[in-house]
Amino acid sequence: MLVIPHPDDAEGGVGGTVAKWVAEGTEVVFVLCTNGDKGTSDPEMTTEKLGAIREKEQAAAAECLGVKEVIYLRYGDGELDDTAKFRGELVRAIRKHRPDVVFCTDPFRQTFYLHRDHRISGQVTLDAVFPYARDFLHYNEHIQEGLETHKVGDILMWGTEHPDTFIDITDTIDNKINALKKHASQVAGSGRDVDRFVKVNAQNQGQMANMPYAEGFKRIRFRT
Ligand SMILES: [Zn+2]
């Protein structure tokens, strides 16, 4: 399961790993927290229009990667807060889909200013996994509805300054690039050479682990 702040964050951070794991038979679920409705500099654009466009782009990118389901929480871009409601939505998704591994953004980055939604979604995900999804008296209404508590095995945080776990994405780097390009509203007009940007980034991560192309994560283990 990936908990994603904005449309396109998953593809940029974890797209190669998702494509690789799906090819190996893993079921992947995306939980998209916001609709990315502020991500433009086009003066003609509105939040309503952009939110709808970005949701479609996310659906196309997820399909491209072979993701089983996308859960849209539809918070406004920049409007995430550490609330009981948001935490409960993540707990419910975890109890329903019962992931072995949860991916989120590293909320503890310090060397550059982290987008508020990345910081908050990362932190609330860590809390949702432990202890809230695990203990039945938290959000007990889920249990009353028939869901069960769930223990996640690992959290892998992307966008981290201190990666300790590297996944070789050499075979799926093209899938990652193709999925990222589905986010046309963000990619087009950015002036960025997406192919080059993704490859250089993956090479840099790979250098730390002797792999041609890699994605790096910081791992938290709950099961030993
Ligand atoms: Zn983002």
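Read the numbers this way: they start at 1 and go in the same order the structure lists the ligands and their atoms.
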If you measure only the distance, is there a donor-acceptor pair under 3.5 Å linking the side chains of Tyr75 and Glu89?
-> yes
Which atom, among the N/O/S set of His6, is closest to the Zn ion (ligand 1)?
-> ND1
Hey, is there an N, O or S on Asp9 sitting under 2.8 Å from the Zn ion (ligand 1)?
-> yes
Is the shortest side-chain N to carboxylate O distance from Arg92 to Glu145 below 4.0 Å?
-> yes
Backbone or side-chain N/O/S of His115 under 2.8 Å of the Zn ion (ligand 1) = no
Looking at Ala179 and Glu11, what are the two nearest heavy atoms and their distance?
-> CB-CG, 3.7 Å
Please lay out, stage by stage, how Lys49 and Asp37 fare under the test salt bridge (charged side-chain N to carboxylate O under 4.0 Å, His left out).
-> CA-CA 8 Å; Lys49 264 200 268 180; Asp37 64 0; over 6 Å; no
